[in-house]
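Some notes on the structure that comes next.
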Amino acid sequence: MRIQGAVFDMDGLMFDTENLTFILQREILAKEGKSFTLEDYKNTVGKRAADLPGYFKKLFGGDFDYEDFHQKCRAEYMQYTEKNGVPIKEGLFELLDELKKRRIKIALSTSTTRRSAERTLKIAGVFDYFDELVCADDVKNGKPHPEPFLKAAEKLRLEPGSCAALEDSLNGIKSAYSAGMITVMVPDLIEPTAEIKEKCAYIFKSLLNVKSIFKEENYEED
């Protein structure tokens, strides 16, 4: 089947923001005398914002002020990206240009709020590539529920099975697979488990390699 749409996750897939967020969170918690490991952070990857307070309270106790912590992290992230921009993953622009050349519709499916997602996309210079955005504000059920990807296909006016879903997280792959999309994983901090590998149509080391699944199709050059 000809791939007609591509649905991108954002953090960890297009941008190296997972590593950045971990570093900022670890520094903030260290100032409070709290230890926060990479393994601790990995457990937050792909989760909805609504699920995070409970996770951090489980780590640091029921009296942990998650809202204060979140605001500090947000301020540090905003300050860093205003000064330094957003760290972009290798091959992103090449892949987006390839999709546009082949007239493949492009959507975003992220667990981030719309306000934050739009800001990040604009700072990175990729906002105009996207035909549709599906953000945390747009769905009732976050990943691993299929709703975020089903909503993206609906907005693109395409069948889920004609869309490739590009993800770095385990929950993201579960979501896309359940939605019936062609699952493409580009791992970031977390490597795929045996269960996840079975749900992936493709696994690549870099976004540069993802172009191959579109070149394999019998597209007509303009």
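Basis for what follows: all heavy atoms, side chains included, without hydrogens, waters or symmetry-related copies.
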| message | One pair to check against salt bridge (Lys or Arg N to Asp or Glu O under 4.0 Å): D97 and K101. What are the steps and the verdict? | response | CA-CA 6 Å; D97 285 336; K101 183 179 76 172; over 6 Å; no
| said: What verdict does the salt bridge (Lys or Arg N to Asp or Glu O under 4.0 Å) test give for E167 and K199, after you've listed the backbone C-alpha separation in whole Å, the side-chain angles of each residue and the deciding distance to 0.1 Å? | reply: CA-CA 12 Å; E167 269 285 355; K199 289 177 166 52; over 6 Å; no
| Under the salt bridge (Lys or Arg N to Asp or Glu O under 4.0 Å) criterion, do K197 and E191 qualify, and how do the steps go? | CA-CA 10 Å; K197 286 180 179 178; E191 291 298 318; over 6 Å; no
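More than 12 non-hydrogen atoms from other residues, nucleotides or ligands lie less than 6.0 angstrom from CD of E94. Around NZ of K58, the count of heavy atoms belonging to other residues, nucleotides or ligands within 6.0 Å does not exceed 12. Remark: E32 CD is packed, more than 12 non-hydrogen atoms of other residues, nucleotides or ligands lying under 6.0 Å away.
By the 30° and 60° cut-offs, the orientation of the rings of Y202 relative to F204 is parallel. In this structure, Y66 and F56 have tilted ring planes: the angle between them lies in the 30° to 60° band. Relative orientation of the F22 and F36 rings is tilted, given thresholds of 30° and 60° on the angle between their planes.
Counting heavy atoms from C-beta on, the side chains of M14 and T120 never come closer than 4.5 Å.
In the hydrophobic cluster analysis, where Ile, Leu, Val, Met, Phe, Trp and Tyr join through side-chain heavy atoms closer than 4.5 angstrom, L170 is grouped apart from L166.
Here the shortest heavy-atom pairing between P192 and P187 reads CD-CG, 3.8 Å. Closest approach of F60 and K34 over heavy atoms only: CD2-CD, 3.6 Å. For the pair L108 and T110, the tightest heavy-atom approach, listed with the atom from each and the gap, is CD2-CG2, 3.6 Å. Nearest heavy-atom pair, E98 versus K211, reported as atom, atom and distance to 0.1 Å: CB-CD, 3.8 Å. In terms of heavy atoms, C135 sits closest to T113 at CB-C, 3.9 Å. Scanning both residues, C163 and V7, for their nearest heavy atoms gives CB-CG2, 4.4 Å.
The OH atom of Y41 sits 12.0 Å away from atom CZ of R26, with the distance rounded to the nearest 0.5 Å. To the nearest 0.5 angstrom, Y177 atom OH is 15.0 Å from M185 atom CE. Remark: S109 OG to L133 CG distance equals 10.5 Å, nearest 0.5 Å.
Under 3.5 Å, the side chains of D11 and T112 contain a donor-acceptor pair of N or O atoms.
The backbone N or O of K140 sits less than 3.5 Å from a side-chain atom of E147, completing a donor-acceptor pair. A donor-acceptor pair is defined here as one N or O able to donate and one able to accept, closer than 3.5 Å; no such pair exists between the side chain of S178 and the backbone of S175. Here the side chain of D131 pairs no donor or acceptor atom with the backbone of A107 at under 3.5 angstrom. The backbone N or O of A136 lies less than 3.5 Å from no partner atom in the side chain of S111, so there is not a single donor-acceptor pair.
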